[in-house]
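Comments concern the structure below.
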There are 2 protein chains.
Amino acid sequence: MQPSTKTRKEQIYEVASELFSQRGYHATSMRDLAARLGMQGGSLYAHISGKEELLVEIVTQATDRFDTALRPLRTAQMSPQDKLREALRVHIQVIATHLDSATVFFHEWQHLGPEYYNKVAERRDVVESFYRDLVREGIEKGVFRATLDVKIAAILILSVANWTYIWYREGGPLKSDDIARVYTDMLLPGLLAQLV
Amino acid sequence: MQPSTKTRKEQIYEVASELFSQRGYHATSMRDLAARLGMQGGSLYAHISGKEELLVEIVTQATDRFDTALRPLRTAQMSPQDKLREALRVHIQVIATHLDSATVFFHEWQHLGPEYYNKVAERRDVVESFYRDLVREGIEKGVFRATLDVKIAAILILSVANWTYIWYREGGPLKSDDIARVYTDMLLPGLLAQLV
DNA sequence: CCTACCGATCGGTAGG
DNA sequence: CCTACCGATCGGTAGG
């Protein structure tokens, strides 16, 4: 065990997430980043291969977190209501606890080169398809309205969850779990076939 | 009347909106922009004062459109349900018909210098306060649930409306008005005190 | 609106 | 991880 459990590389990613989220990827220079880490610009290249590697790594980590959080729910034996509730809880938790990298992900992933762009686009669609499947399952079980447009309903849920990166700030009046609960309570009536 | 109703300046803003929305503000060079307009980089400065003027103008126009669309509804004599429906309709219409500048607004306004940043932040809050007032009015009239958290409810509505800039594309299966209608139908049950 | 140019800064590398 | 440096490109200007 080292005094710090973070490797230098992890420190670089962390500070890069912060700067990229605040100023944007292109507006952040490698010298800015190096200065924040107490080193010279050129020294960064002893640890990383280039600027785009930073963006790729940050964005990939962000999509991985959503995937890791939602995947177990896919096959979970839960009612559609509870699954939605839990999905929103972990989804918003991922954003709240990794706000910088989530922000970089939402703002900058499209600026990745084509080879990474496609991978991330796939990952993104996995999350959206999770909510589509959830809505579809709810309809099939007779719990959600049969008249729902599956795609639009999924996007509506995703809109609400993802938008939290815009306004959520640590130390605010509502904890991440509280936000998810209030959101779920507001969304469910529009999804349910009959209110209980 | 000229053959084109657009001034050269308006053309510059339009192409800048397109490039900024696709590549990002900082990743777009003035030479890129000039080339798309069939001129040399330096020639742009015969029409505009600098790069930031472009961003300021695009972002200001975007906020103006939301303001212009929603302002008449503030004092409109309508039921809260109808007001929400109409608000979402015009809100999403603004995004759909000016997708490039809306995208630039959402992605880049924070990168404006402090003097413009504050102005835009105010404009942004005017839109959010519109939805807060709408929710509050609905509660006071007994139409919306008294248990609603006004701020969170407003943000939820705003999330759904704003997120359309991410996925809406012209020529898709749903027109802007259709999206707004389906969204309203899904959101209202969670807001209403009793379903009608 | 063009040509020619300015200083500044960029991402990245060589050699230690 | 530093010093010193590379070519490329940036936003912007002077003078026409």
Side-chain angles (χ1 to χ4, degrees), chain A residues 2-4 6-60 104 107-117, chain B residues 2-4 6-60 104 107-117:
Chain A
Q2 299 168 333
S4 168
K6 283 173 190 157
T7 66
R8 197 69 171 136
K9 210 165 182 174
E10 285 168 339
Q11 288 178 29
I12 294 173
Y13 292 143
E14 193 175 322
V15 177
S17 295
E18 194 184 331
L19 292 181
F20 289 175
S21 76
Q22 285 171 1
R23 314 180 190 179
Y25 172 68
H26 285 106
T28 304
S29 75
M30 297 301 272
R31 285 166 180 80
D32 290 339
L33 177 58
R36 280 285 302 269
L37 289 155
M39 56 170 91
Q40 298 299 317
S43 305
L44 280 169
Y45 295 85
H47 301 94
I48 58 163
S49 67
K51 193 180 183 185
E52 194 174 24
E53 185 202 314
L54 291 174
L55 184 56
V56 169
E57 197 63 27
I58 292 167
V59 166
T60 303
V104 175
H107 274 192
E108 312 282 0
W109 76 272
Q110 305 160 28
H111 303 141
L112 285 169
E115 66 278 26
Y116 300 108
Y117 178 94
Chain B
Q2 298 169 337
S4 169
K6 282 174 192 155
T7 66
R8 198 69 172 134
K9 210 166 183 174
E10 285 168 341
Q11 288 178 29
I12 294 173
Y13 292 144
E14 192 175 324
V15 177
S17 294
E18 193 184 331
L19 292 181
F20 290 173
S21 76
Q22 286 170 1
R23 314 180 190 177
Y25 172 68
H26 285 105
T28 304
S29 75
M30 296 302 270
R31 285 166 179 79
D32 291 339
L33 176 58
R36 279 284 301 271
L37 288 154
M39 56 170 88
Q40 298 299 316
S43 305
L44 280 169
Y45 295 84
H47 300 94
I48 58 162
S49 68
K51 193 180 183 184
E52 194 174 26
E53 185 201 315
L54 291 174
L55 184 55
V56 169
E57 198 62 27
I58 292 166
V59 166
T60 303
V104 174
H107 274 192
E108 312 281 0
W109 76 273
Q110 306 161 26
H111 303 140
L112 285 170
E115 66 279 25
Y116 300 109
Y117 177 94

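So you know, we letter chains A, B, ... as the sequences are listed, proteins then strands, and number each from 1. Small disclaimer: the values here were computed from a predicted structure and weren't measured.
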A/E52 (side chain) donor-acceptor with A/G113 (main chain) under 3.5 angstrom: yes

Euclidean distance, atom CG of residue B/L33 to atom C1' of C/dC1 [Å, nearest integer]: 14 Å

Sequence-distant partners of A/E18, side chain to side chain donor-acceptor pair (under 3.5 Å), two or more places apart: A/R36

Side-chain (B/E108) to main-chain (B/L55) donor-acceptor, under 3.5 angstrom: no

Taking every non-hydrogen atom, the tightest pair across A/Y25 and A/K51: O-NZ, 3.0 Å

Considering all heavy atoms, the nearest A/R8-A/Q11 contact: NH1-OE1, 2.6 Å

Nucleotide-resolved protein contact map, nucleotides 3-16 of chain C, B/S/- at heavy-atom distance under 4.0 Å: B-B----BBBB---

Heavy-atom closest pair, residues A/D32 and A/A27: OD2-O, 4.1 Å

Minimum heavy-atom distance B/V104-B/S17, with the two atoms named: CG2-O, 3.6 Å

Nucleotide pairing, DNA chain C (Watson-Crick or G-U, distances under 3.5 Å), in dot-bracket with [ ] and |: ||||||||||||||||

Minimal non-hydrogen separation, B/M39 against B/S43, with atom names: SD-CB, 3.8 Å

